[in-house]
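Remarks on the structure that follows.
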Amino acid sequence: MSAFQQKQAVTQTPGGHAAPGGGLYARDRAWHPAALTPPYKTSVARSPVRAPISFSTTLSEETGPVFTQDMLGPLDADLIHNYAKSPEGAIGPRIVVQGRVLDEDGRGVPHSLVEVWQANAGGRYRHKKEGYLAPLDPDFGGCGRCITDEFGNYEFRTIQPGPYPWPNGPNDWRPAHIHFSVFGRSWGQRLITQMYFDGDPMIWHCPIVGTIPSREGIESLVARLDMEATIPMDARVYRFDIVLRGRRQTLFENRMEGL
Ligand SMILES: O=C(O)c1ccc(O)c(O)c1
């Protein structure tokens, strides 16, 4: 068996059952992207060479840090202003992203830390390894965070990021997206994912999106424009609900963390 075939064999183990004894639900590997997806080039080196080991959860996976609103700075959930020197803030289409963090049974998860990071309106990240020629915005850092309220609601304000090219195939582009890390109630519930924008044609050309096995799975990562919540003359609102584990779990990003 070649090293490639070996990887394919070990990363396609089935899952999806409730943990024995009522712990966390295992991820359904037919719903989530596989770890090894060669059209997404970096997944080849990242995917494991040995089969994952399954074990029952213990207190250290079923509990986690407790977050409270007073841990946040006043501008943490405002990416338009949290890095800006100018009073107007970052350049780009102003948006609010709001939604709920839900557990495996559809209940809101309170006090969950939601961290986000994204490119600027031109599609450029503030990162030392960033190579795209689009300019940095001196007023945009690209990171923010908030904590869900008692019903599991979260909200942050930002600018809509731009799409950008990346060195995968000869002409691959990422659709506009925002990265999310959601802690949930415990370490074992933590979810890393990406949110896309309703109506973006680039979604259907992206090799990372292409690793998602079903159209339904892809659509679960697309935020819906909510014109009723939109703030006139200010910002459009996008809604994105996130489910931590269970049957309708939001897709885990195709990375090692996704196993
Ligand atoms: O894993 C990567 O190679 C990769 C590249 C570009 C992205 O936008 C990203 O989210 C991941």
Side-chain angles (χ1 to χ4, degrees), residues 3-4 7-8 11-12 27 29 31-49 52 79 83 90 92-93 95 97 99 113-137 140-145 156 158-183 190-214 217-223 238 240 242 249-259:
F4 181 76
K7 279 194 173 195
Q8 254 183 337
T11 56
Q12 287 175 2
R27 293 202 173 89
R29 296 181 204 283
W31 170 246
H32 291 277
L36 178 61
T37 49
Y40 172 15
K41 262 189 351 203
T42 51
S43 79
V44 176
R46 253 185 221 145
S47 50
V49 289
L79 284 75
Y83 191 86
I95 60 169
V97 180
L113 180 64
V114 177
E115 295 168 293
V116 293
W117 61 102
Q118 63 168 91
N120 70 21
R124 179 164 169 160
Y125 282 99
R126 184 173 288 284
H127 190 279
K128 58 176 185 290
K129 288 197 176 159
E130 169 64 279
Y132 188 27
L133 50 78
L136 277 172
D137 174 354
F140 189 67
C143 303
R145 56 187 181 172
F156 60 92
T158 187
I159 50 91
Q160 190 164 4
Y164 55 83
W166 59 300
N168 184 66
N171 185 22
D172 282 330
W173 290 72
R174 296 299 331 276
H177 63 277
I178 300 181
H179 294 267
F180 276 69
S181 160
V182 184
F183 264 80
R190 186 172 177 216
L191 182 81
I192 318 280
T193 194
Q194 301 185 22
M195 181 200 103
Y196 301 99
F197 290 86
D198 207 2
D200 182 351
M202 301 308 287
I203 293 172
W204 310 103
H205 297 282
C206 173
I208 296 184
V209 174
T211 67
I212 299 170
S214 66
I218 295 171
E219 284 171 355
S220 74
L221 297 183
V222 178
Y238 279 91
F240 181 52
I242 296 161
Q249 188 190 5
T250 301
L251 290 165
F252 217 103
E253 187 170 300
N254 184 357
R255 299 269 187 118
M256 281 302 290
E257 305 100 316
L259 285 169

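Indexing begins at 1, ligand by ligand and atom by atom, following the structure's order. Atoms considered below: every heavy atom in the structure, side chains included; atoms not considered: hydrogens, waters and symmetry mates.
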May I ask you to list the atoms of ligand 1 that are less than 4.0 angstrom from any heavy atom of Ile208? 4 (C), 9 (C), 11 (C)
Taking the cut-offs as 6.0 angstrom to the six-membered ring centre and 45 degrees off its axis, would you call Arg124 and Tyr132 a cation-pi pair? no
Look only at interatomic distance and state if Tyr125 has a nitrogen or oxygen under 3.5 Å from any nitrogen or oxygen of ligand 1. no
Below 3.5 Å, can you tabulate the donor-acceptor pairs from side chains in residues 195-205 to any protein atom, sequence neighbours excluded?
unit_1, atom_1, unit_2, atom_2, d
Tyr196, OH, Arg174, NH2, 2.8
Tyr196, OH, Gln194, OE1, 3.1
Asp200, OD1, Met202, N, 2.8
Asp200, OD2, Ala176, N, 3.2

Is a donor from one side chain sitting under 3.5 angstrom from an acceptor on the other, for His32 and Gln249? yes
By number and element, which atoms of ligand 1 are closer than 4.0 Å to a non-hydrogen atom of Thr42? 1 (O), 2 (C), 3 (O)
Which residues pass the side chain to side chain donor-acceptor pair (under 3.5 Å) test with Tyr83, sequence neighbours left out? Arg126
Between Tyr164, Tyr40, Trp117, flag the one that comes closest to atom 8 (O) of ligand 1 by a heavy atom. Tyr164
Atoms of ligand 1 less than 4.0 Å from His177 heavy atoms? 8 (O)
Atoms in ligand 1 with a heavy atom of Arg46 nearer than 4.0 Å: 1 (O), 2 (C), 3 (O)
Note: ligand 1 atoms sitting under 4.0 Å from heavy atoms of Gln194 are 10 (O)
Contact partition for His179 relative to ligand 1, non-hydrogen atoms under 4.0 Å: side chain
Say whether Trp166, considering both its backbone and side-chain N or O atoms, lies within less than 3.5 Å of an N or O atom on ligand 1. no
Would you give the length of the straight line joining atom CZ of Phe180 to atom CD1 of Ile192, rounded to the nearest 0.5 angstrom? 12.0 Å
Taking it one step at a time, do Tyr164 and His177 satisfy ring pair (Phe, Tyr, Trp, His ring centres under 6.0 Å)? CA-CA 10 Å; Tyr164 55 83; His177 63 277; 5.6 Å; yes
Do you know which two heavy atoms are closest between Pro161 and Ile178, and how far apart they sit? CG-CG1, 4.0 Å
